[in-house]
Amino acid sequence: MIQSSPVFPALVEDIECIRLYVEKLNTPLVAELQQYVAATEFQFDIVLLSSALADNDKAVQSSGGALLVACDSQEDALNLTEEYALLEQPVHWLIENTFHLQNNQLIPGHHFVDWRAAGVLTMMLSQLKQQANIHQDKVYVEHKLALLSDCLGNLSLTLSADGTIKHINQELMLKMGTKGLSANGQSWQTSLPIPSSTAKARMQQILADLSHTHSMTRLPPFPIQLDKTVLMVDGVAGPLPNDESLLILRQVAQWQSHEWVEQLSEQSTPVTLLLVNPDDFAELNRVHGREVGDQVLEEIMQCMSQVLRTDDFASRYSGAVFAAHLPETNEQQGQILASRMLQKLRSQAFSKKKLNLAFSFGLATLDSEELLGEQSPLELFRRANAALQAARSIGGGKLVSWQPQFDANILANLDRMSGKFSQAPSDDFRLMNLQWDIIRLIGSTHSLQTFSSQVCQLLATGLQSKFSGLYMQQGAHFNCLSSRLISVDIDEDTIHQWAKTHIKLDPNGSKLVQPTAALSSFHYVVIPLVTRSRCVGFLLVCWETSAQESARKCAEQLEQVTPNLAAAIDRIMLLEQDENRRVGVDKEQSGEHELLFESPAMRTLMQQVQLVAPTDASVLIIGESGTGKEVIAQQLHNHSLHPDKPFITVDCSTIVEHLIESELFGHRRGAFTGATSDQPGKIAQADGGTLFLDEVGELPLDIQSKLLRFVQEKTFVAVGDQRVRKVDVRLVLATNRNLPDEVAQGRFRADLYYRINVFTLNLPALNERGDDPLLLARHFVQKFACQYNKDITDFSNASLDKLGDYHWPGNVRELRNCMMRAVILCSGAYIEPEHLILQEQSDGNVVPIKPNVASTNTNDVSEPQSEELVQIAELLAEVVALAKQQTKVLSVSNWLEKQWLNQCVLKWGSLYQVAQQLGQSESTIRRRYAKLNKQDFSHDELFPLTERCNHLLVSMLDTETHSVLWPSIEATLHQIVIQQDVSQQHKAKLLDVTQPTLRKIIQQSQG
């Protein structure tokens, strides 16, 4: 029986050389054929069928045309077809004897050619060359499409003219699950629903415009609802023949469906970006000189700042383009503010020459849903660019808001509408990202240590530096407050010592003196942080010595953001001083100190309390049991409009069910057995003040309906009464339940939930409050020591370690009780571990232990745990030993990197996030990921090692050291390979590097 065919290599390698397959070399037929084509433009490359089959036993690329095979006769052709499995492969047979051809197509798809006939062979070779060229063009197009997908995104689908899906690639089909199997022929809106009316309308408009523009279009970030997840994607859309469309999508974020809903509820405010550019500023510089131009730019910034609000953020880019970041500002509000600014700038006379200028304004806004995309800073900047360029294109002097029509053609976006502010737009985008991140950071924390650590992290990743540090003045020297290293090879202490020794303040304290000696081995910049005419510190950023041009650009960018950084640091320092004074006064004057905190989470919560307390809005407090919900409710009342009025508390979980109605609304005499007199309820008692309903989720459904009427109308009817009474009560409610889930289960009324959920406060658990547990523990120890007449000074070091390792499942209530027991048991000056009776000791259960949070410096980056590195080293030694035994050397480096990137994607959800977390270029990560996933490592013996490797990587990625994790693992592999007793060439193959690179690796390991 004739076998199915393997796939043979390409027939045509170039224009002139055509492959001729033969069973034997040096036969008379082969010699005659070679002599025949010698007089033509072609020549034969003779290939043995046996070697072709051996080289392609794993299937190589098809030629796209027929094979040319020489043989003795038709019978010989049948034998060769069966022996080499050529049945499914088109073949042109050139046989020895062409005089007695019995059947020109004896085998389906095979042709016996009378090649000796005049011109037949030449014509056939020309046809084969043409077919091969067509095939090569097709391969080239497919290769370009693959490169495009690798660079832009790995999810793609093809849509017909009516919007139905014609094709989905495998990656997207896997994301869609079972729905992907039946997606072909279905509407894309049905198969890939967009859970956002705004994004859905925008996508419909973009796809509708494709049929008119016939050009590739940029897709802004939009969400896709899958089975149980929501993906945020962006990408490009382009036209295909027959009015079809191709969408190439890139995943930038992922949420579980319930997380998406929570994100939307949390992210409820839009953000606006305003770009400002004086028209014809180059002409002003030419006529009046650079000095006048610089003065005008400074005055423009001052003029803008006079219009902006406190939380707005202004900066200047390279050249004469200014930006105003407007948080919590919708498009209409942004237009109002921009109009005021435009009017003020137009009426301003700049410099001593009293120059009047015209200005172009570009404005863009992202709504709350769009802000969830990881690319939202770049998207906002791009839109503002397009709006600014549109204002310039119509003559300038105008304010233009971004419109979707500006994105009609991606080629236009990349050219005239790109809004190039400098010769390197990527630098502008990088500065935009840096400023965006700083905006998000400012105000997010009131801890100077946390703020400085996050700033250094932003600078290291945003500017791709080797080192970044923030130094603050302490006495006569500058000390490092926080720093970030990208490579473990850098000696951080040397940098700190150099900065402390060589960077000084001038006598006035307003600027830095130029360092007297350079920092060797680096190209560096020192940027002073000046605010209120005082230098509070400086930033030190280092790059490799070869990166001077990059360092120069980054220094210019840093100068645009450091004034805002300095002002933010100054504000945090003032807040910390004020807080320290306030806490000190509170401790002296108050007998109750349970509301003590230093953590950013609690500071944010108390800011929200201060905002909502002086209003009459209902407040819903959500938090675990023991987190202090009643304390927060008391704070809301104390800072309300009527703090002198009653504060009434009702614990709904402790009242017998049939008495709850009477407890809340009161009753008339005789309303039920035992009602011997009229009794006012808690609502009536709270008239004019605050009613706090604790554990409101415990209320029965019938009481919930009556409570709903009270919430809506502030009226109630007592039990056994007919009269409707009206009261003025501020309602504060608390629960440790998930009320949306309770609504879904029918245990809580949906209408009541939406009525009480006016303003929500989410109390963090105690183990989410940084160092607050230790602060509270010391407070309670002092309180109970005084109460029980104990002379207790503090905790011992061992007990501090024990407290730091405990996660406090009962929150503040548990901590308070624990400290009371400890004080009672303690007879000495220090609380010892045996005095701390914690949950895992009292009931024998295993309690999750959290990392020690005694140190707030999150910038400390250490190498991975030595035990984990030992385990990974042992594993890699086994893999290298296995790879050495293979006939074809296995690249252990590529295998390891593939497992690493796969686990990173699983952890962070998308290649965009992986690049951000690892501080690498996204395009580099994408190309590398695509290349590695095309390599086959499916060896049976390697499978268990792969499983072990993935398990170890998952464990190691759970640590806080992932920024230096891969270099450590890679260095471990290098050491193992270098120590192998094999040739240098073999080592290079194991690491998939060239010989010169291997020599550098060896030198580094020996150094």
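When a residue number appears, it is its place in the shown sequence, counting from 1.
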### Task
Evaluate the criterion side chain to side chain contact (heavy atoms under 4.5 Å, CB included) for residue pair M606 and I632; output intermediate values, then yes/no.
CA-CA 9 Å; M606 294 311 296; I632 296 299; 4.0 Å; yes
### Query
Under the side chain to side chain donor-acceptor pair (under 3.5 Å) criterion, do S401 and Q335 qualify, and how do the steps go?
CA-CA 8 Å; S401 295; Q335 288 176 340; 2.8 Å; yes
### Message
As a quick check of understanding, evaluate side chain to side chain contact (heavy atoms under 4.5 Å, CB included) for L708 and R755, giving each step before the final call.
### Response
CA-CA 8 Å; L708 174 63; R755 279 289 180 179; 3.6 Å; yes
### Task
Could you check R813 against T627 for side chain to side chain donor-acceptor pair (under 3.5 Å), going step by step and ending with a plain yes or no?
CA-CA 7 Å; R813 183 183 294 120; T627 51; over 6 Å; no
### Query
Going through the checks in order, is the side chain to side chain donor-acceptor pair (under 3.5 Å) test met by E742 and N738?
CA-CA 6 Å; E742 296 293 299; N738 187 323; over 6 Å; no
### Task
Begin with the C-alpha distance, continue with both residues' side-chain angles, and end with the deciding distance and a verdict on side chain to side chain contact (heavy atoms under 4.5 Å, CB included) for F692 and V650.
CA-CA 6 Å; F692 174 53; V650 179; over 6 Å; no
### Candidate pair L691 and F647, rule side chain to side chain contact (heavy atoms under 4.5 Å, CB included), full reasoning
CA-CA 6 Å; L691 176 65; F647 176 76; over 6 Å; no
### Task
Might you work through the side chain to side chain donor-acceptor pair (under 3.5 Å) test for N736 and S625, ending with a clear yes or no?
CA-CA 6 Å; N736 62 4; S625 295; 2.8 Å; yes
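Under the 4.5 Å side-chain criterion, counting only non-hydrogen atoms from C-beta, L693 is not in contact with V732. Side-chain contact between P327 and D312: present, with at least one pair of heavy atoms (C-beta onward) separated by less than 4.5 Å. Two residues are said to be in side-chain contact when any heavy atoms from C-beta on lie closer than 4.5 Å; L731 and V711 meet this criterion. Counting heavy atoms from C-beta outward, T272 and L363 have side chains that approach closer than 4.5 Å. Contact check for L565 versus F451: side-chain heavy atoms found under the 4.5 Å cut-off. Two residues are said to be in side-chain contact when any heavy atoms from C-beta on lie closer than 4.5 Å; I621 and L733 fail this criterion. Counting heavy atoms from C-beta on, the side chains of L815 and P773 come closer than 4.5 Å. In this structure, the side chains of D702 and K706 stay at 4.5 Å or more apart for every pair of heavy atoms.
A donor-acceptor contact shorter than 3.5 Å is absent between the side chain of H779 and the backbone of L775. At least one donor-acceptor pair under 3.5 Å links the side chain of R730 to the backbone N or O of T615. Remark: side-chain polar atoms of N330 are paired, donor with acceptor, to backbone N or O of Q332 under 3.5 angstrom. In this structure, R603 contributes its side chain and E598 its backbone to a donor-acceptor pair below 3.5 Å. No donor-acceptor pair under 3.5 Å is formed between the side chain of K682 and the backbone N or O of T649. With Q704 contributing its side chain and R749 its backbone, the two residues share a donor-acceptor pair below 3.5 Å. With Q782 contributing its side chain and C786 its backbone, the two residues share no donor-acceptor pair below 3.5 Å. With hydrogens and angles disregarded, no donor-acceptor distance shorter than 3.5 Å links the side chain of N762 to the backbone of I622. Not one N or O on the side chain of D687 forms a donor-acceptor pair closer than 3.5 Å with the backbone of V727. Side-chain N or O atoms of K714 include none that pairs as donor or acceptor with a backbone N or O of R709 at under 3.5 Å.
Listed by first and then second residue, the salt bridge (charged side-chain N to carboxylate O under 4.0 Å, His left out) pairs that reach into residues 324-337 come to none, sequence neighbours excluded. Sorted by first and then second residue, the pairs that involve residues 690-699 and meet side chain to side chain donor-acceptor pair (under 3.5 Å), not counting sequence neighbours, are H637-T690, E698-R737.
The structure places CD of Q607 at 11.5 Å from CE of M602, a figure rounded to the nearest 0.5 Å. In this structure, OG in S305 is found 10.0 Å from CZ in F322, a value given to the nearest 0.5 Å.
The two atoms that bring N767 and H807 nearest to each other are CB-O, 3.3 Å, heavy atoms only. Minimum heavy-atom separation, P223 to I194: O-CG2, 3.3 Å. For the pair A686 and V729, the tightest heavy-atom approach, listed with the atom from each and the gap, is O-CG2, 3.6 Å. Of all heavy-atom pairs between A613 and L636, the closest is CB-O, 3.8 Å.
Note on ring orientation: taking the six-membered ring where Trp is involved, the planes of F780 and F784 are parallel (angle under 30°, cut-offs 30° and 60°).
Under the side chain to side chain contact (heavy atoms under 4.5 Å, CB included) criterion, Q610 pairs with no residue, sequence neighbours left out.
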